[in-house]
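Worksheet: one structure, shown below.
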There are 2 protein chains.
Amino acid sequence: MSKIPPGPRDERGVLSSRILVAARGAFADTGYAGTTIRAVARAADVDPALVYHYFGSKEALLDAATDPPQRWLQNVARAWTTPVPQLGAALVRLMLDAWADEEIGPVLRAILQTAAHEAATREKLRLVVERSLMGVSQLGVDERDRMLRSGLISSQIMGLAMMRYVWRIEPVASMDDDELVAAVAPNLQRYISDDLG
Amino acid sequence: MSKIPPGPRDERGVLSSRILVAARGAFADTGYAGTTIRAVARAADVDPALVYHYFGSKEALLDAATDPPQRWLQNVARAWTTPVPQLGAALVRLMLDAWADEEIGPVLRAILQTAAHEAATREKLRLVVERSLMGVSQLGVDERDRMLRSGLISSQIMGLAMMRYVWRIEPVASMDDDELVAAVAPNLQRYISDDLG
């Protein structure tokens, strides 16, 4: 295929999505320092100048490639409105649905694959966890208790996501969805409402 | 300080440890692709030729830098001999002690910071988890049940390690050790011996 030059305005969405898909793959495969705009452009089959034109810099490209979709933040907020007795199961389903989603899954993967070695993404992950997994919860008797419970819930969900989707360690990686919900939800329920002392 | 040339045999241990410490820092900070032997040598204050002399290649250097210390594998095996009613707490303590250990902690950090984006380290992490967290367990009624329980235990412990030591998300990052054991051990006990259906 030949390189595609900067096109009319309505092509912008298509091309910039293609660049972001390529960027997520490159950051995940070679890390932030090992990724070049040139390599991303090659993978997206566009001219490097277009990547600079749309995103300005490698730093801004990483930022855009790891930006959580608005739809995901809405799903998270909705899951947290689940009645307490079903909240554990709802949070496991939230994770399963997000990773199965064509738009959301690759962004979460890019965040987790880059956050371990890149400070800017780690900061973004911290914000995502604090605002989405912790910030909206109404758990606990006071602010410290609420943050503690949300943090423990996050630790279980994030560990599950790393094992299942990033590191792909069996049998967690290929466990049936319903089996996983049945196994994990009661542990989340303990963090949600039991005495933790 | 001046560069230190290849020294007599008894210096080898000192210099190669210094190179490994520098390599762990570099892989964690800039990823595998973004790390050069030259940068590692500079950080270790040795000649790049010495790094090649001791380790042969960047790939072999990564392998050595992420090799779990024998002492850690022994600690893991010992923890798994804890009587079942105390096993959950013993596994949380195992994690806390490992990360507080001057020799073991930095290696675990290097593995977790590199595994997300580097296939060779991901494979090593998989082996470490399977052999140490899963392979030695005697849990469950059959092999599948044993692996499932060990995998769920790993998901909680690894998620806790990511939150506390790699991503440093509060309040999990600075929770008191005893408070963390009290909060998490009962959840591990459920994975160890309760009905998961």
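Below, chains carry the letters A, B, ... as their sequence lines are ordered, and counting in each starts from 1.
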Chain B interface, residue from A/V166, A/D195, A/L112 that has the most non-hydrogen pairs under 4.5 Å:
A/V166
Any donor-acceptor N or O pair under 3.5 Å, side chains B/T66, B/T121
no
Between chain A and each of B/G159, B/A119, B/G34, count heavy-atom pairs under 4.5 Å; write down the option with the most.
B/G159
Go through it in stages, so that I can follow the logic: the residues are B/R146 and B/D142, the test is salt bridge (charged side-chain N to carboxylate O under 4.0 Å, His left out), and I'd like the CA-CA distance, side-chain angles, deciding distance and then a yes or no.
CA-CA 6 Å; B/R146 182 178 78 81; B/D142 55 29; over 6 Å; no
Side chain from CB out, backbone as N, CA, C, O: work out which of these in A/A183 comes under 4.5 Å of a heavy atom of chain B, or both, or neither.
both
Step by step, work out the salt bridge (charged side-chain N to carboxylate O under 4.0 Å, His left out) result for A/D101 and A/R71.
CA-CA 11 Å; A/D101 186 288; A/R71 200 159 52 77; 3.0 Å; yes
Heavy atoms only, distances under 4.5 angstrom: which of A/D194, A/L196, A/N187 has the most pairs with chain B? Name it, please.
A/N187
In terms of heavy-atom pairs under 4.5 Å, which option from B/D178, B/T114, B/L188, B/V184 contacts chain A the most?
B/V184
Below 4.5 Å, heavy atoms only, C-beta onward: do A/N75 and A/I104 meet side chain to side chain?
yes
Non-hydrogen atoms of chain B under 4.5 Å away: do they reach the side chain of A/R168, the backbone, both or neither?
both
Looking only at heavy atoms and a cut-off of under 4.5 Å, which of B/R126, B/R164, B/R109 has the most pairs with chain A?
B/R126
Non-hydrogen side-chain atoms of B/L180 and B/L160 separated by less than 4.5 Å
yes
Donor-acceptor pair, A/Y32 side chain versus A/E59 backbone, under 3.5 Å?
yes
